[in-house]
Protein chains: 2
Amino acid sequence: MSLTNHVKYIKFMCARYSTLPLNQILQGDCRDILPDLPDRSVDLIFADPPYNLQLQQDLYRPDRSRVEAVNDAWDQFSSFSEYDEFSQAWLKECRRVLKDDGALWVIGTYHNIFRIGTILQDLGFWILNDVIWIKTNPMPNFRGVRFTNAHETLIWAVKSRDANYIFNHHAMKALNDDLQMRSDWYIPICSGPERIRINGKKIHSTQKPEALLYRIILATTRPGDVILDPFFGTGTTGAVAQRLGRNWIGIEQELQYIQAARERIARVNPAPADALSLPVRSRKSRLPFGTLVEHHLIKPGQILYFDRNPDIRAMVLSNGHLSVDGWSGSIHMAAEKICGRPTNGWERWYFLDEHGNFQPVAVLKQKFLSGISKEDDLKENL
Amino acid sequence: MSLTNHVKYIKFMCARYSTLPLNQILQGDCRDILPDLPDRSVDLIFADPPYNLQLQQDLYRPDRSRVEAVNDAWDQFSSFSEYDEFSQAWLKECRRVLKDDGALWVIGTYHNIFRIGTILQDLGFWILNDVIWIKTNPMPNFRGVRFTNAHETLIWAVKSRDANYIFNHHAMKALNDDLQMRSDWYIPICSGPERIRINGKKIHSTQKPEALLYRIILATTRPGDVILDPFFGTGTTGAVAQRLGRNWIGIEQELQYIQAARERIARVNPAPADALSLPVRSRKSRLPFGTLVEHHLIKPGQILYFDRNPDIRAMVLSNGHLSVDGWSGSIHMAAEKICGRPTNGWERWYFLDEHGNFQPVAVLKQKFLSGISKEDDLKENL
DNA sequence: ATGCTACATGAATCACCCC
DNA sequence: GGGGGTGATTCATGTAGCA
């Protein structure tokens with residue numbers, strides 16, 4: 001299919017059927033291509049826009065070799081206001097294309113990230129974190145006139161303050177040896193076999209490491225989600241999305257990058273599904289306290305003690321409420337009434353077991369839930 | 001001298017003789033006080049302005065204790081544009097007061113730093129570095145809904161691109177074990193005896209650590225220079241300046257902070273300071289197992305064998321946990337589950353290499369750590 | 001003195017479903 | 001759309017108390 005026909009096909013599919021050109025690279029300036037994508041259609045956007053580096057002259061190392069600079073045509077802007085206009089244009093379209101609960105990541109350096117952050121806030125985006133990619137092996141400052149610029153900044157934002165965004169907290173915690181993941185990420189720059197080269201010469205001046213995208217995608221998407229990258233380059237986003245069982249859409253101007261990206265992604269094998277479906281803590285395992293009463297795990301009239309304190313008592317009513325000094329309500333409300341703020345009643349109310357030991361009522365919930373799963377097992381085995 | 005007379009004296013000295021009120025705290029809003037200082041008169045400005053945090057509700061730790069919020073009157077702004085106006089006002093005056101070869105540091109978080117950076121650039125400042133203060137002991141994200149906000153951002157800027165600014169490269173290199181100082185700084189938050197308290201209660205909600213100012217002042221001033229802090233607070237800038245033999249000028253509104261700062265600075269001996277006496281931590285070298293998964297050294301879905309036993313298997317999940325018979329957890333927990341006591345998972349779990357031989361996963365860790373320190377990476381890549 | 005445990009706390013934009 | 005009910009969630013460090 002010719003390029004022109006390809007573009008026509010994409011536009012046709014999107015406009016007519018509101019379907020998305022999944023797992024494809026669309027050629028062109030993202031300011032021209034984004035308008036063809038439907039409203040509220042993608043789950044995540046990762047953007048690595050031009051940094052507006054404003055390098056003035058060649059830079060030489062102490063051994064007098066020349067540093068290959070980022071002076072591609074796509075990184076030339078004549079002024080801040082021109083850069084701002086450009087940024088507003090693509091960010092506005094990203095906002096339209098993003099689902100209301102979707103999220104946006106943008107990466108940059110001090111040359112451009114302050115302008116990006118300000119524009120994001122002015123467009124109504126709500127910043128969740130700024131994350132620092134700390135390079136374990138940055139290029140030193142050869143002339144010794146500044147601090148080694150050893151990091152880049154990522155902004156993670158959603159469309160509004162009340163967006164119900166995805167954050168796979170437990171996956172992040174697991175990835176970090178069971179400690180909460182922080183806003184400082186230690187990742188080497190892209191080099192070695194991962195760096196795409198032709199005849200030993202790197203074809204993209206700012207190729208991002210796959211490890212960076214791995215963490216972003218694992219943290220803020222689910223398998224099957226659609227990830228859009230409006231500055232696709234050599235397709236790091238697509239390669240990692242493919243590996244993690246996510247769908248992707250890339251937008252890129254340069255044919256050379258597109259070809260390299262297509263070859264690269266074609267070589268990626270997705271991970272097996274059972275390695276991707278992570279044990280997500282279910283939010284829907286809610287069990288009303290009254291169910292325990294119905295199933296005789298706790299009896300109407302039984303006495304519960306707050307925080308193992310034998311003097312703070314409540315009586316279980318037949319409807320599953322607790323009665324405290326004439327007042328009655330749920331285990332949570334009763335606990336809140338005593339400690340003065342919202343709290344989890346399952347962990348605050350204790351009963352005396354057959355040995356005379358205090359046990360939180362949560363153990364009864366556990367007992368009940370495991371009993372149910374045994375029943376299910378029984379049914380399945382029949 | 002009464003307060004009014006004191007202000008009159010300052011204005012008189014500045015206006016008439018162009019002398020500076022050195023080593024003094026001027027009381028008032030810096031937007032009112034700065035205009036009294038002469039043009040091009042100070043060498044360095046350090047500013048820790050309000051962050052515009054916009055906290056909405058109380059926050060509780062999992063142990064149900066309440067987090068003391070930053071809800072001081074000085075951090076209340078009704079909108080971004082009001083915050084921008086405020087920032088433009090004081091930054092514009094700072095630009096006027098700063099010598100042409102002087103420098104400016106501003107600290108902030110994602111709530112405000114993008115706006116500050118944009119305004120700086122729009123006023124003509126030239127950014128030299130953004131520096132990341134990485135907190136070794138930040139407050140966690142108690143609800144597990146974002147990444148731990150473990151850093152703050154500093155911007156180091158000069159008045160124009162051709163300013164002949166101070167950077168004590170060799171002092172910085174010496175301070176960093178003879179390695180070039182990078183843009184990521186590892187410094188604990190201000191606590192313990194350094195934190196100023198009255199009756200055990202901190203008097204300023206956002207007191208900065210002296211180690212941070214120590215590095216800034218050592219890097220970008222000379223002895224005898226004049227350092228201005230328009231948001232002086234409890235005087236960290238003054239205390240460190242005094243210790244390092246620099247002159248300082250503080251501007252602060254709150255009388256309580258001023259009094260604490262005066263007492264604090266009076267206790268400082270301007271002795272030759274010992275850099276190593278400051279609690280500056282080096283970067284951690286801990287490597288989570290998940291990092292190897294992120295870097296594709298081990299793949300989701302891959303099978304590991306316990307103690308080379310082909311019958312005791314685990315599958316690597318995409319989050320870096322191991323899955324064993326439906327259970328999942330870290331390599332260490334998985335190993336403990338099997339052998340019954342705490343153990344080092346790195347040495348107990350084996351994979352099959354390309355020759356079909358068992359190799360402990362520790363060899364991958366070694367491979368990763370040696371790979372990122374390769375010299376050619378340093379030289380070849382931006 | 002030393003070691004151990006318990007407790008306090010820090011610039012934090014900190015939930016979500018269902019009626 | 002608002003309000004009430006249910007329940008998920010933390011790390012490093014300094015200090016106090018006690019054996």
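Side chains are part of it too, since the values below use all heavy atoms of this structure and drop only hydrogens, waters and symmetry mates. Proteins get letters first, then strands, A, B, ... in listed order; numbering begins at 1 in each.
Nearer the 5' end of DNA chain D, as judged by each residue's closest nucleotide, is the contact made by Gly345(A), out of Gly345(A) and Asp63(B). Taking the nucleotide of DNA chain C with the nearest heavy atom to each of Gly144(B) and Arg61(B), the more 5' of the two is matched to Arg61(B). Between Ser330(A) and Met181(A), the residue whose closest nucleotide on DNA chain D is further toward the 5' end is Ser330(A). Between Trp74(B) and Val145(B), the residue anchored closer to the 5' end of DNA chain C is Trp74(B), taking for each the nucleotide with the nearest heavy atom.
When distances run from any side-chain atom of Ser191(B) to the nucleotides dT6(D), dC11(D), dG14(D), the shortest one goes to dG14(D). When the nucleotides dT9(C), dA11(C), dT13(C) are ranked by their closest atom to the side chain of Ser65(B), dT9(C) comes out on top. Minimum atom distance to the side chain of Leu59(B) is reached by dC14(C), of the listed dG7(D), dA11(C), dC14(C). Closest to the Tyr110(B) side chain, of the nucleotides dT9(D), dA12(C), dC11(D), is dA12(C). Of the candidate nucleotides dG5(D), dA11(C), dA12(C), dA11(C) has the atom lying nearest to any side-chain atom of Asp75(B). The side chain of Pro193(B) has dT15(D) as its nearest neighbour among dT15(D), dG7(D), dT13(D). Side chain of Ile127(A), nearest nucleotide from dT13(C), dA12(D), dT6(D): dT13(C). Taking every side-chain heavy atom of Met333(A) into account, dG5(D) is the closest of dG5(D), dG7(D), dT13(C).
Asn344(A) has its CG atom 11 Å from the P atom of dT9(D), to the nearest Å. Rounded to whole angstrom, the span from the CZ atom of Arg146(B) across to the C1' atom of dC14(C) amounts to 7 Å. Protein atom CG of Asn199(B) is 17 Å distant from nucleotide atom C1' of dT15(D), rounded to whole Å. Here dC14(C) presents its C1' atom at 7 Å from CD of Gln57(B), a figure rounded to the nearest Å. Between the P atom of dG10(C) and the CG atom of Leu55(B) lies a distance of 14 Å, rounded to the nearest Å. When rounded to the nearest whole Å, the span between CZ of Arg348(A) and P of dT9(D) equals 17 Å. Residue Glu68(B) contributes atom CD, which lies 12 Å from atom C1' of dA11(C) at whole-angstrom precision. We find that CD of Gln207(B) is positioned 9 Å from P of dA11(C), with the value rounded to whole Å.
Using a cutoff of 4.0 Å between basic side-chain nitrogens and carboxylate oxygens, Lys99(A) and Asp101(A) are not scored as salt-bridged. Ion pair Arg264(B)/Glu210(B) flagged as a salt bridge, since at least one NZ, NE, NH1 or NH2 atom sits closer than 4.0 Å to an Asp/Glu carboxylate oxygen. Taking a cutoff of 4.0 Å between a charged side-chain nitrogen and a carboxylate oxygen, Arg182(A) and Asp184(A) qualify as a salt bridge.
Other residues, nucleotides and ligands contribute over 12 non-hydrogen atoms within 6.0 Å of the NZ atom of Lys202(B).
Of the side-chain N and O atoms in His170(A), none sit less than 4.0 angstrom from OP1 or OP2 of dA8(D). Phosphate proximity of dA11(C) to Arg195(B): present, with a side-chain N or O under 4.0 Å from OP1 or OP2. For Asn164(A), a side-chain nitrogen or oxygen approaches OP1 or OP2 of dC16(C) to under 4.0 Å. Note on Lys173(A): a side-chain N or O is less than 4.0 Å away from OP1 or OP2 of dT10(D). Look at His169(A) and you won't find any side-chain N or O under 4.0 angstrom from OP1 or OP2 of dT9(D). The shortest distance between the side-chain N/O atoms of Asn141(B) and the OP1/OP2 oxygens of dT10(D) is not below 4.0 Å. Phosphate contact (OP1/OP2 of dG10(C), side-chain N/O of Lys202(B), threshold under 4.0 Å): present.
Here the side chain of Glu254(B) pairs no donor or acceptor atom with the backbone of Gly233(B) at under 3.5 angstrom. Judged by distance alone, with hydrogens and angles left aside, the side-chain atoms of Trp133(A) form a donor-acceptor pair with the main-chain N or O of Ile187(A) at under 3.5 Å. Side chain of Asn129(A) to main chain of Val131(A): no donor-acceptor pair is present (N/O by atom type, distance under 3.5 Å, no hydrogens or angles).
Pro49(B) comes within 4.0 angstrom of a nucleotide base, judged by non-hydrogen atoms across all strands. Among the protein residues, Gln56(B) comes within range of no part of the nucleic acid, since none of its heavy atoms lies under 4.0 Å from any strand. Residue contacts shown for Asp48(B) include a base, since a base heavy atom lies under 4.0 Å away. Among the atoms of the strands shown, base atoms are found under 4.0 Å from some heavy atom of Trp126(A).
If you take atom C1' in dG17(D) and the same atom in dA1(C), they sit 16 Å apart, rounded to whole Å. dA11(C) and dT15(D) are spaced 15 Å apart, taking the P atom of each and rounding to whole Å. Taking the C1' atom of each, dT6(D) and dA12(C) are spaced 24 Å apart, rounded to whole Å. Comparing the P positions of dC14(C) and dA12(D) gives a spacing of 23 Å, expressed to the nearest Å.
A distance of 7.5 Å separates CG of Asp75(B) from CG of Leu55(B), quoted to the nearest 0.5 Å.
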Reading 5' to 3' and counting Watson-Crick or G-U wobble pairs with both distances under 3.5 Å, write the dot-bracket notation for DNA chain C, | for bases paired outside the strand.
.|||||||||....|||||

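A tilted orientation is assigned to the rings of Phe114(B) and Phe114(A), their planes being inclined by 30° to 60°. Ring geometry for Tyr350(A) against Phe358(A) counts as perpendicular: the plane angle is over 60°, on a 0 to 90° scale with 30° as the lower cut.
Centre separation under 5.5 Å together with a plane angle under 30° does not hold for the ring of Phe142(B) and the six-membered base ring of dA12(C), so they are not marked as stacked.
Judged by distance alone with a 3.5 Å cut-off, a donor-acceptor contact links the side chain of Lys208(B) to the base of dA11(C).
The ring of Phe147(B) has its center closer than 6.0 angstrom to the ring center of Phe167(A).
Classified by its glycosidic torsion, dT13(C) falls in the syn category, the angle being within 90° of 0.
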